[in-house]
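In what follows, a single structure is set out as structure tokens and then discussed.
To find a chain, count down the sequence lines: A is the first, B the second, and so on, and within it residues start at 1.
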Protein chains: 2
Amino acid sequence: MEITKKKLEKQKSDNEKYLSNSILRGLEVLKMFSVENQTLSLAEIASNLGVSRTTPYRILYTLEECGYIYQDSHTKRYGLRPKVLELGYTYLNSLELPELAAPYLEKLRDETGMSSHMGILDGNDIVYIARYPARSVATITINVGSHLPVHATAMGKCLLAHLPEENKEELLSKLQVLQIPDAPIVEVKKLRDELQSIKEKGYVFHKGEFETGVWSVACPIFGKDNKVIAAINIAITQHAADEELMEEKIIPAVCQVAREISSFMVLTI
Amino acid sequence: MEITKKKLEKQKSDNEKYLSNSILRGLEVLKMFSVENQTLSLAEIASNLGVSRTTPYRILYTLEECGYIYQDSHTKRYGLRPKVLELGYTYLNSLELPELAAPYLEKLRDETGMSSHMGILDGNDIVYIARYPARSVATITINVGSHLPVHATAMGKCLLAHLPEENKEELLSKLQVLQIPDAPIVEVKKLRDELQSIKEKGYVFHKGEFETGVWSVACPIFGKDNKVIAAINIAITQHAADEELMEEKIIPAVCQVAREISSFMVLTI
DNA sequence: AAACTTTGTTTTATTGATAAAACATAGAAA
DNA sequence: TTTCTATGTTTTATCAATAAAACAAAGTTT
């Protein structure tokens, strides 16, 4: 019996010995709020966490005390407060990339009339770190901070294609294992071939294959010692897109801006 | 003796009975990283928290497991990962204001050649929720998500001036009590007079009084039922500023754009 | 109106987080 | 080299966080 108990402890120790439930749940509560669920009740939060109502009661008290959330005194429901921005922006502020690239991305947006973005690699995902939406009404609404699987986006493939071989293969093997729901199925062999041709061409042009209804052109950004550090893209809704214009004007424009940013990066980062 | 213990418990219960140390410290760790301290060691974090190294050891393990931070396998130091952006952006995405105001703020920036911003009230602070930096090199670098005391900024005073009387007085009395370090001293009587004149004029023009070296013009944004919901401003470094230009062109331009945004807000929010 | 649910809140027993100490290792100082 | 100090890691005793239960209040259903 004692052996059984020890075994269980040993099993747990490998992975989650040091995992703190309080912190896990605190962060989960913050992430629980969304555009669809701007406010939540204690019972909803408890049910989402799969715990008794006592736990979030205490968590919510703490988060409210810190200023991250508020409680409506009448409805008793909770919602996020602007202070949550501080948590992420300390990171964003520490990045030099978006600041440096801002004028280029804006220029690109204004020249093409399409939304321009910059993204970096984070694990298996592309994270958007800068965004300049098209001035038109019907615009692509992907936000800074958004994560998308690397193989489902033009920027992602672009980055992947220019990664050093060992990192590329490591990521490809991880993608094969994961198979994220809602993301396109990863046919690693096919993808590897595609990446080779992307590397040769120097850009990616998606005509709505993955993000349905969205056309996108992406180019890599290189830092010093020619290592890929980010990618930029422009995106436009399909019905507003024009293949000839894309081929003749847009793709060269994106490539040109990417080169400009890269040469600037070499100087600074 | 028992009574003493009970008394202590009772005292604690009023304020911090439900405060969770784990969550407090977890969030504090995330906020500890900054532009100056992009990486931190376990010992540094423990010392900053004022606790033994065991506590952050566990916290850091949890945060790393969740993908919010990484640990350099060689130096053992920790740093933020892009996932921290998710925490704040769920809030930012739920706001309609910055999206709706974006084209107006950009227009204002391009017309004036100065940085344009939008801010909302959060407690005693102004939070920046949108930002369009001037295209020039020497630009004002205040970031989205930044908090500044309401009485130290043009936007803050602007918002304060147009608040309903009861809310205004509540905030003024709170400001008097707090007296934030590094912020200008609050002379409530003087401030109240100033707010009255601001409300009459409809805008605020700071010539470097508070943020030294920065000139700023702010205007309020009204939502439906004419309640002030935000403020916008433009800012420029003192040496690039021209008083005549400000008075004749810039101030009218900011007021004009503010009216445009307000009339748009009435329709939507 | 009465009975039934649901929700927020408080209390107590148990489980998990923390501090203190001990240990291992690496780099700095002697 | 040897000693010393600082840092990361593991162990154990104590204290705090959680689940379960019980309660009050408000809203629903009957």
Original post:
Which sits closer to the 5' end of DNA chain C, Arg25(B) or Gln71(A), going by the nucleotide each is nearest to?
Top reply: Gln71(A)
Subject >> First of Ala43(A) and Ser52(B) reached from the 5' end of DNA chain C, by closest nucleotide >> reply: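 It is Ala43(A) whose nearest nucleotide is closer to the 5' end.
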In whole angstroms, how far is the [atom2] atom of [N] from the [atom1] atom of [X]?
{"X": "Asp72(A)", "N": "dG8(C)", "atom1": "CG", "atom2": "C1'", "answer": "14 Å"}
{"X": "His74(B)", "N": "dG8(D)", "atom1": "NE2", "atom2": "P", "answer": "13 Å"}
{"X": "Leu19(A)", "N": "dT18(C)", "atom1": "CG", "atom2": "C1'", "answer": "16 Å"}
{"X": "Arg53(A)", "N": "dA22(D)", "atom1": "CZ", "atom2": "C1'", "answer": "11 Å"}
{"X": "Ile59(A)", "N": "dA19(D)", "atom1": "CD1", "atom2": "C1'", "answer": "13 Å"}
{"X": "Tyr61(A)", "N": "dG8(C)", "atom1": "OH", "atom2": "C1'", "answer": "15 Å"}
{"X": "Tyr78(B)", "N": "dT9(D)", "atom1": "OH", "atom2": "C1'", "answer": "10 Å"}
{"X": "Glu44(B)", "N": "dA6(D)", "atom1": "CD", "atom2": "P", "answer": "14 Å"}

Original post:
Is the distance from OP1 or OP2 of dA26(C) to the nearest side-chain N or O of Lys76(B) less than 4.0 Å?
Top reply: no
**OP:** Check whether any side-chain N or O of Tyr57(B) sits under 4.0 Å from OP1 or OP2 of dT7(D), and answer yes or no.
**Re:** no
Subject >> Derivation and outcome, salt bridge (Lys or Arg N to Asp or Glu O under 4.0 Å), residues Lys31(B) and Glu28(B) >> reply: CA-CA 5 Å; Lys31(B) 286 205 296 177; Glu28(B) 247 176 288; over 6 Å; no
Original post:
Of Ile69(B), Thr54(B), Val29(B), Val51(B), which is the lone residue that meets side-chain contact (heavy atoms from CB on, under 4.5 Å) with Ile59(B)?
Top reply: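 Only one option passes, and that is Val29(B).
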**OP:** Tell me which nucleotide among dG8(D), dA19(C), dA19(D) gets nearest to the side chain of Leu42(B).
**Re:** dG8(D)
**OP:** Side chain of Thr55(A) only, please: which of dT18(C), dG8(D), dA19(D) is the nearest?
**Re:**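 My answer, after comparing the listed nucleotides, is dA19(D).
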Subject >> Lys76(B) side chain near Leu42(B) side chain, heavy-atom distance below 4.5 Å >> reply: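 No, every pair of side-chain atoms sits at 4.5 Å or beyond.
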Original post:
NA contact type, Ser22(B), heavy-atom cut-off 4.0 Å: base, sugar-phosphate, or nothing?
Top reply: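 Sugar-phosphate, backbone atoms only, no base.
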**OP:** Select base, sugar-phosphate, or nothing to describe what Arg77(B) touches, counting heavy atoms under 4.0 Å on all strands.
**Re:**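 Result for Arg77(B) = nothing.
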**OP:** Decide, yes or no, whether a salt bridge links Glu64(A) with Arg81(A) under the criterion of side-chain N to carboxylate O below 4.0 Å.
**Re:** no
Subject >> Short side-chain to backbone donor-acceptor contact, Ser20(A) and Thr62(B), under 3.5 Å >> reply: no
Original post:
Can you find a donor-acceptor pair, distance only, under 3.5 Å between Thr54(B) side chain and dA20(C) base?
Top reply: yes
